[in-house]
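Please read the structure below before turning to the comments.
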Amino acid sequence: MSVTPVDPTQPYDSDNIFAKILRGEIPSTRVYEDEWAVAFEDIAPVAPIHVLVVPRGAYVSWDDFSQNAPAQEVAGYVKAIGNVARQLGLVEDGYRLINNIGPDGGQIVPHLHVHLLGGRTMGPMLTGQ
Ligand code: AMP
């Protein structure tokens, strides 16, 4: 996988790896799906539970999504993220959501995704320099 940071102003690339996962062209371990979103395990987990929640729609980033997605799609995606956390039994102990945007955010894959992390205490919010 390329580790070139995403240019958040680029147009959507339908050949990105999460688009291929959504189309079933490459494998993933799906843990949830509904009309608006799909969630699957991150291939390089950094916590006991590390799931990526992606909208079915074609959006590069949170900036693209928050600007261009219809309200129903925004609501559907936000609710799906909560559904995934509840389905995984994370509400009582808590969990962390992360969304990386563009070069400073550390975004690598140019399809909007929220990292859902749980199963241990997450510690300080940032450890990078
Ligand atoms: P980000 O830096 O926010 O763009 O994060 C991209 C995430 O996608 C990283 O945590 C990767 O480990 C994860 N990832 C990349 N390729 C795959 C894949 N084929 N299946 C599951 N997760 C992946």
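Scanning both residues, Arg120 and Pro48, for their nearest heavy atoms gives CG-CD, 3.7 Å. Looking at every heavy atom in both residues, Ala19 comes nearest to His111 through N-ND1, 4.5 Å. Between Arg86 and Val91, the shortest heavy-atom distance links the atoms CG-CG2, 3.5 Å. Across every non-hydrogen atom of Pro5 and Pro103, the tightest pair is CB-CA, 3.8 Å. Considering every non-hydrogen atom in both Gly118 and Ala47, the closest pair reads O-CB, 3.7 Å. Closest approach of Gly24 to Arg30, counting heavy atoms only: N-NH2, 4.4 Å.
Asn100 meets the side-chain contact (heavy atoms from CB on, under 4.5 Å) test with Ile98, Gln107, His115; sequence neighbours excluded. Considering only residues two or more places apart in sequence or on other chains, Ile26 meets the side-chain contact (heavy atoms from CB on, under 4.5 Å) condition with Ile17, Lys20, Ile21.
Distance check, rounded to the nearest 0.5 Å: CG of Asn16 to CG of Leu22 gives 8.5 Å. Atom CG of residue Asn99 and atom OG of residue Ser61 lie 8.0 Å apart, to the nearest 0.5 angstrom. Atom-to-atom distance recorded for Glu35:CD and Lys79:NZ is 13.0 Å, nearest 0.5 angstrom. Residue Thr121 holds its OG1 atom at 9.5 Å from CZ of Arg96, rounded to the nearest 0.5 Å.
Cluster partners of Val31, using a side-chain heavy-atom cutoff of under 4.5 Å among ILVMFWY residues and allowing indirect links, are Tyr32, Ile49, Val51, Val53, Tyr59, Trp62, Phe65, Val74, Tyr77, Val78, Ile81, Val84, Leu88, Leu90, Tyr95, Leu97, Ile101, Leu112, Val114, Leu116.
Around CD of Glu25, the count of heavy atoms belonging to other residues, nucleotides or ligands within 6.0 Å exceeds 12.
Note on Val109: it clusters hydrophobically with Phe40, by side-chain heavy-atom contacts below 4.5 Å among ILVMFWY residues.
Although no hydrogens or angles enter the test, the distance criterion places no donor-acceptor pair under 3.5 Å between the side chain of Asp7 and the main chain of Gly102.
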